[in-house]
Amino acid sequence: MTGLPRTLQRSSREAQEAFLRALDDAVRARGPGEQAQRTAYAMLKREFEKRGDHWIAKRDPADHNGHGETGQPAAAT
């Protein structure tokens with residue numbers, strides 16, 4: 001894919017597509033420009049994290065340690 005920021009060019013297709021979807025939505029809502037780019041990155045950061053020079057999917061914290069985002073054990077239900 002071309003036209004993507006370099007960090008996304010080096011990332012998985014999943015990250016690239018998530019960014020492009022978010023950017024498309026942001027451009028429709030806010031118009032083209034820096035605000036749309038910022039909004040797309042904010043959406044990307046919900047599901048992906050930047051590691052070095054590329055983006056990777058975040059793992060669900062409960063999948064690997066049984067704790068929530070705060071690092072505290074999840075409440076029993």
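Sequence positions, counted from 1, serve as the residue numbers for this chain.
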**Asked** Could you go step by step and tell me if E17 and R21 meet the side chain to side chain contact (heavy atoms under 4.5 Å, CB included) rule?
**Response** CA-CA 6 Å; E17 291 173 352; R21 278 192 309 272; 3.7 Å; yes
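- In this structure, L23 CG and R28 CZ are separated by 10.0 Å, a value rounded to the nearest 0.5 Å.
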I would like to know whether E49 and K45 meet salt bridge (charged side-chain N to carboxylate O under 4.0 Å, His left out); could you show each step before the answer? CA-CA 6 Å; E49 62 183 273; K45 289 177 182 180; over 6 Å; no
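- Closest of all the heavy-atom pairs between G31 and A36 is O-CB, 3.4 Å.
- Within a 6.0 Å radius of CD in E14, other residues, nucleotides and ligands contribute 12 heavy atoms or fewer.
- With rounding to the nearest 0.5 angstrom, the CD1 atom of I56 is 10.5 Å from the NZ atom of K58.
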**Report entry** Worked check of side chain to side chain contact (heavy atoms under 4.5 Å, CB included) between L44 and L8
**Finding:** CA-CA 10 Å; L44 182 71; L8 280 159; 3.9 Å; yes
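- The two residues W55 and A15 come nearest to each other via the heavy atoms CB-CB, 4.2 Å.
- A centroid separation of less than 6.0 Å is found between the aromatic rings of Y41 and F19.
- Of all the heavy atoms in A40 and A26, the pair that sits closest is N-CB, 4.5 Å.
- Residue Q16 comes nearest to Q9 through the heavy atom pair NE2-O, 3.4 Å, listed as atom of the first residue, atom of the second, then distance.
- Residue-environment remark: CZ (R10) exceeds the threshold of 12 foreign heavy atoms within 6.0 Å.
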Evaluate R30 against T39 for side chain to side chain contact (heavy atoms under 4.5 Å, CB included), listing each step before the verdict. CA-CA 9 Å; R30 303 179 185 282; T39 301; 3.1 Å; yes
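- Taking CZ of R46 as the start and CE of M43 as the end, the distance is 4.5 Å to the nearest 0.5 Å.
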